[in-house]
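Only one structure is covered here, and it is reproduced in the block below.
Keep in mind that what you see is a predicted model, and the values were worked out from it rather than measured. Below, read A as the first sequence line, B as the second, and so on, with proteins coming before strands; counting in each chain starts at 1.
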Amino acid sequence: MPELPEVETIVRDLRSEIVGRKICGARFLTRSVWRRRNPSARLLTGAHITALGRRGKNILVFLSNDHVLIIHLKMTGRLTLESRETPIKKHTHFIIDFEKGQLRFNDIRRFGYLDLVKKDGFLEVSYLRALGPDALEISRDDFMGLLKSKKRIIKAFIMDQSMIAGMGNIYTDEALFCAGIHPKRVSSTLSRIKAGNLYSAMRDVLEKAIAARGSSVDDYVDGKGERGSFQDQHFVYGREGEPCKRCGRAIKRIIIGSRSTHFCPGCQR
DNA sequence: GACAACCTGACC
DNA sequence: GGTCAGGTTGTC
């Protein structure tokens, strides 16, 4: 699913559209997508949307009744604002009705989840508390310290949400390419220069991806149902066998931590 | 750390 | 028929 840039794009889009709107109804089409119990519709109906936020790859929808709706899109989840007239697609599991338009949660594989929790102390919910600092908020010093302190394969380390929140398979591969680091390197062995390069590359690729409204490799669409364009700027992800844009050698694909990993054997050491 | 599990669909 | 997919969690 969406990684940090895609989730951020959705949050920004929806923020300008639905903050201030009143919920006039909620429809629960699939019970199992709720992380805990299926909340009663009266916990939503009548409330206003007061703010939207993001914690790692989790979308946070703040309500005027002191509750927060937490949404994780995992691999194929979509959260879109649509008109009532638009036919409801297959695999739509939850709908919030506004006076005009509806917010729809759709997820082909049903890996994604929804959760409605009390706003008071909501960050203490287990799966949010377990997240490390956001990839766009962690300081350079903290990042370097974290790398030094762990003997982990760098690719797995960057993707570990309890270390840094927000990085997924695409942007980890892209950041490692931009920093010239082989994905199998051990985090603690990187020089200060290389570690600093990785920090800069991570921020840079995330910011550029947000500017391009995310990567639409397969299912991802933004809050309006439109595709992003950052996939056109990928250096390695999804380019196995194609020439490296820097040195011309063929991009390789290997498996690390059971995840597909793309890199340039010429540029990454 | 490796790997299966959760699901559906696209592609070979 | 088999393989693969932007993620996370739980189990050896």
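Checked for salt-bridge contact, A:Asp13 and A:Arg213 meet the test: a charged N lies under 4.0 Å from a carboxylate O.
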Could you go over nucleotides 8-10 of chain B and give all protein N or O partners under 3.5 Å, atom names and distances?
| from | atom 1 | to | atom 2 | distance (Å) |
| --- | --- | --- | --- | --- |
| B:dT8 | OP1 | A:Arg110 | NH2 | 2.5 |
| B:dT8 | O3' | A:His91 | NE2 | 3.3 |
| B:dG9 | OP1 | A:Lys90 | NZ | 3.2 |
| B:dG9 | OP1 | A:His91 | NE2 | 2.9 |

Could you go over nucleotides 8-12 of chain C and give all protein N or O partners under 3.5 Å, atom names and distances?
| from | atom 1 | to | atom 2 | distance (Å) |
| --- | --- | --- | --- | --- |
| C:dT8 | OP1 | A:His72 | NE2 | 2.9 |
| C:dT8 | OP2 | A:Lys57 | NZ | 2.9 |

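For A:Asp120, the CG atom is loosely surrounded, since the number of other residues' heavy atoms within 6.0 Å does not exceed 12. Within a 6.0 Å radius of NZ in A:Lys252, other residues, nucleotides and ligands contribute 12 heavy atoms or fewer.
Hydrophobic cluster membership of A:Val186, counting Ile, Leu, Val, Met, Phe, Trp and Tyr whose side-chain heavy atoms lie under 4.5 Å apart directly or via other members: none, as it forms a cluster of its own. Through direct or indirect side-chain contacts shorter than 4.5 Å among Ile, Leu, Val, Met, Phe, Trp and Tyr, A:Tyr127 is connected to A:Leu60, A:Phe62, A:Val68, A:Ile70, A:Tyr113, A:Val117, A:Phe122, A:Leu123, A:Val125, A:Leu128, A:Leu131.
Rounded to whole angstrom, the span from the CG atom of A:Leu73 across to the P atom of B:dC7 amounts to 18 Å. Atom CE of A:Met75 and atom P of C:dC4 are 13 Å apart (whole Å).
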note = Read 5' to 3' with Watson-Crick or G-U pairs under 3.5 Å, [ ] for crossing pairs and | for partners on another strand, DNA chain C gives |||||.||||||
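Residue pairs satisfying the ring-ring contact (aromatic ring centres under 6.0 Å, His included) criterion with at least one member in residues 194-217 of chain A, sequence neighbours excluded, are listed as follows: A:Phe143-A:Tyr199.
Contact annotation for A:Arg78: no contact, since no heavy-atom pair falls under 4.0 Å across all strands.
Distances shown here put every side-chain N or O of A:Tyr171 at or beyond 4.0 Å from the OP1 or OP2 atom of C:dG6.
Residues A:Phe177 and A:Arg246 approach most closely at CE2-NH1, 3.4 Å, considering heavy atoms.
In this structure, A:Ile170 is a member of the same hydrophobic cluster as A:Ile154, with clusters built from ILVMFWY side-chain heavy atoms closer than 4.5 Å.
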